[in-house]
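Here is the structure we will look at, set down as C-alpha cells.
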Amino acid sequence: MYGLVDGNNFYCSAHRSFDPTLEGKPIVVLSNRDGNIVARSNEAKALGIKMGQPFFETRELREQHDIVVFSSAYELYGDTSSRLMSVLTQFAPDVEVYSIDEAFLWIEEYRGTYPTYQDLGIAIREKVDQWLRLPVCVGFGPTKTLAKLANRLAKKTPELNGVCVLDTPEAITEALAEFPVKDLWGVGSRYAAKLKQHDITTAAQLRQVPDDWINSLMTVNGLRMVHELRGFPCKMLEVSPPARKTICTAPGFGKLIPDLATIADALTTHLCRCCEKLRKQDSLCGAITVFLHTDRFRKTPGNGLPSRQYAGSITLTLPHPTNSTTELLTYAESGLKAIFRFGYNYLKVGIMLSDLVPGDYRQKGVFVDGPNEKLLALSSVVDKVNRRYGQDKLRLASQQYNPDWPMKQQYLSKRYTTRWEDILEAK
DNA sequence: TCTGGGGTCCTAGGACCC
DNA sequence: TCTGGGGTCCTAGGACCC
C-alpha cells in the first residue's frame with residue numbers, strides 16, 4: 001500500500017504552529033514580492049479568496065474582515081517541512097518527499113503496532129500534531145494515484161477525520177464513482193476540458209476507457225494514470241529523487257529598474273544563489289541562460305521612460321562544465337550585456353543553469369580544458385563558511401550588501417527555527 | 001508495379017506538478 | 001500602485017548518420 005501524507009494549508013499552518021493566537025483566523029500567505037496569494041487558511045477560503053489571486057484585488061475584503069497576511073517565509077516552510085519528513089520516517093522506512101508539504105510512504109506489509117491502515121493514519125496525524133502542531137491528512141491506496149485520490153477525499157470529507165483508506169475493490173469503486181476527473185493527479189484544465197468533450201467527468205468513467213484511446217488523447221502519462229486507477233502500479237516510490245536537470249533563480253525586483261549597473265548587481269546575487277543550489281546537489285553545469293524582461297502588466301510610464309515591453313534571453317554553452325561562481329559570473333555578465341537594451345523599466349533578471357552533469361565529471365579532449373580546480377575548491381569552501389556563519393557572510397566583491405532592488409516583503413514573519421534572534425521565548 | 005531499415009540529436013510545443 | 005517561482009515529461013518533426 002502507498003500512503004500519502006499532505007499538510008493542510010501548509011504555509012498558513014506553519015505560521016499558526018508558532019502562534020496559537022492565529023487559530024480560527026483567516027490567514028493568507030503571499031508570493032515573492034507580495035504579489036499573489038499562494039496559500040489560504042480554511043477561514044480565508046471561506047471568504048472566497050482564490051488561489052493565485054492578485055493580492056491587491058483583496059483590499060476591500062481585508063477592510064471588511066480581520067485577515068492576517070504573511071509574506072512568504074521559505075526558511076520557515078523549508079525547516080517545518082524537514083521536521084515533518086523526519087517524523088514520517090518513523091512510521092515507514094521508505095519515504096518519498098514529493099513536495100515541500102507532502103510525502104508518499106510505502107508500507108509493504110503492514111506489521112506495525114497498528115492493526116489497520118486506519119489506525120496507522122490516525123497515529124500519524126496525532127504524532128504530527130503533537131510534535132509539530134501541524135494538521136495533515138493521510139490517504140492510503142494500492143497505487144500512488146489512488147493514495148493521492150484518497151488523500152483528497154480525506155481533506156474534502158470532514159466525517160473521515162483526515163484519514164481515508166482505499167484497501168478493497170469496493171472501497172475504490174465507491175470512491176471513484178463521484179470523484180471529478182479534473183481533481184485527479186495528472187489531469188489539468190486542458191485535459192479536463194478534452195475529457196469533458198467526450199462526456200468523461202468522473203474517475204469511474206475514466207477507469208473504463210480503452211487503453212489506446214487514452215494513450216492517443218493523453219499520451220503514455222494518461223495511460224499510466226488509468227492503469228493506476230485500476231489498481232496496477234505504474235509509478236514507483238522514488239526514495240532518493242534524481243538530481244535536478246535544470247536550476248533556475250529568478251526573483252523579481254522590488255521596484256522597476258532601468259539601469260544596467262543595478263541589474264548586473266542583482267544578477268550576481270541571483271547567480272550566487274543558483275550556484276549554491278548547483279553545488280548542493282553536487283553537479284556541474286554545461287550551459288547558462290540569462291534572461292530579463294519588463295513588467296508585462298504595467299501600462300504606465302516610470303523612471304522617465306515610456307511604457308513599453310521588452311524580453312531578452314541568451315544561452316551560452318561553456319567550454320567545460322563548472323560550478324564555480326566566479327567562473328560562471330564572467331559568462332553571466334557577458335550574456336547580460338548582450339541582451340540588455342537601454343530605455344526600458346525592468347522587472348526581473350534571471351539565471352538558468354542547464355546541461356547538468358555529476359560533480360566528478362571531467363571532460364577529456366585535446367582542445368578542451370577542464371574546469372579550474374582551484375576555483376571549484378574555493379566555491380566549496382565559501383559554501384561551508386556560509387552554511388556555518390550565515391548566508392553571504394563570504395561573498396563576491398561585485399555583490400552589493402544592501403541591494404537597490406529590495407524584495408517587497410511587507411508582511412515578514414519570524415523565522416522561529418532558523419534564526420537565533422527569532423527564537424520563541426517561554427515565560 | 002515498384003523506392004529500406006536502422007539509428008541519433010535537437011527543438012518547439014503542449015501538457016502537467018507544487 | 002499592485003499580477004510568483006520553481007520544476008518535469010512526452011511527442012512530432014526535421015536534420016543528420018550508416
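In what follows, every chain begins at residue 1, and chains take the letters A, B, ... in the order their sequences are listed.
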For a quick test of your reading: what N or O donor-acceptor pairs under 3.5 Å do the side chains of residues 342-358 of chain A make, sequence neighbours left out?
from      : atom 1 : to        : atom 2 : distance (Å)
Asn345(A) : OD1    : Asn303(A) : ND2    : 2.7
Asn345(A) : ND2    : Gly302(A) : O      : 2.8
Tyr346(A) : OH     : Arg341(A) : N      : 3.2
Tyr346(A) : OH     : Arg341(A) : O      : 2.7
Lys348(A) : NZ     : Ala250(A) : O      : 3.3

Checklist outcome for this item: Writing each nucleotide of DNA chain C 5' to 3' as (, ), [, ], | or . by Watson-Crick or G-U pairing under 3.5 Å yields ....||||||||||||||

Checklist entry - Which pairs count as salt bridge (charged side-chain N to carboxylate O under 4.0 Å, His left out) when at least one residue sits in residues 248-274 of chain A, sequence neighbours excluded? => result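 Matches after skipping sequence neighbours: Arg273(A)-Glu276(A), Arg273(A)-Asp392(A).
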
Checklist outcome for this item: Per the under-4.0 Å heavy-atom filter, residues of residues 262-282 of chain A near DNA chain C come out as Lys277(A)

Next on the checklist: Does anything in residues 241-260 of chain A come within less than 4.0 Å of DNA chain C? Heavy atoms only, and list the residues if so.
Outcome noted: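 Output list: Arg244(A), Lys245(A), Thr246(A), Ile247(A), Cys248(A), Thr249(A), Ala250(A), Pro251(A), Gly252(A).
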
Next on the checklist: Any carboxylate oxygen within less than 4.0 angstrom of a Lys/Arg side-chain nitrogen, looking at Lys337(A) and Glu333(A)?
Outcome noted: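 Result for this pair is no, no salt bridge flagged.
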
Checklist entry - Any ion pair linking Arg419(A) and Glu75(A) (charged N to carboxylate O, less than 4.0 Å)? => result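 A salt bridge links Glu75(A) with Arg419(A).
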
Item to check | Residues touching DNA chain B, which here means a heavy atom under 4.0 Å, drawn from residues 182-214 of chain A | outcome: Leu184(A), Trp185(A), Gly186(A), Val187(A), Gly188(A), Ser189(A), Arg190(A), Tyr191(A), Lys194(A)

Next on the checklist: Enumerate the ring-ring contact (aromatic ring centres under 6.0 Å, His included) contacts for residues 196-217 of chain A, please, sequence neighbours excluded, ordered by first and then second residue.
Outcome noted: His198(A)-Trp213(A)

Item to check | Span of DNA chain B, from the first to the last nucleotide whose atoms fall under 4.0 Å of chain A heavy atoms | outcome: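 Span of nucleotides near chain A: dA15(B) to dC18(B).
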
Please table the atom pairs, donor to acceptor, closer than 3.5 Å between any side-chain atom in residues 180-190 of chain A and protein atoms at least two apart or in another chain.
from      : atom 1 : to        : atom 2 : distance (Å)
Asp183(A) : OD1    : Arg152(A) : NH2    : 3.4
Trp185(A) : NE1    : Tyr98(A)  : OH     : 3.2

Checklist entry - Tell me the side chain to side chain donor-acceptor pair (under 3.5 Å) pairs involving residues 135-146 of chain A, sequence neighbours left out? => result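 Non-adjacent pairs meeting side chain to side chain donor-acceptor pair (under 3.5 Å): Glu96(A)-Lys144(A), Thr145(A)-Glu228(A).
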
Next on the checklist: If the condition is side chain to side chain contact (heavy atoms under 4.5 Å, CB included), which residues does Lys25(A) pass it with, not counting sequence neighbours?
Outcome noted: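 Checked Lys25(A) against side chain to side chain contact (heavy atoms under 4.5 Å, CB included); matches are Asp66(A), Val68(A).
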
Item to check | Those residues that, when tested against Ser99(A), pass side chain to side chain contact (heavy atoms under 4.5 Å, CB included) (two or more places apart) | outcome: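 With neighbours one apart ignored, the set is Asp101(A), Glu102(A).
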
Checklist entry - Hey, would you say the Tyr77(A) and His15(A) ring centroids sit under 6.0 Å apart? => result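 Yes; His15(A) has its ring centre under 6.0 Å from that of Tyr77(A).
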
Next on the checklist: Please report whether the ring centroid of Phe340(A) lies less than 6.0 Å from that of Tyr310(A).
Outcome noted: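 No - the distance between ring centres of Tyr310(A) and Phe340(A) does not fall below the 6.0 Å cut-off.
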
Checklist entry - Is a side-chain N or O of Ser31(A) found less than 3.5 angstrom from the main chain of Asn36(A), in a donor-acceptor match? => result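 A pair under 3.5 Å: yes.
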
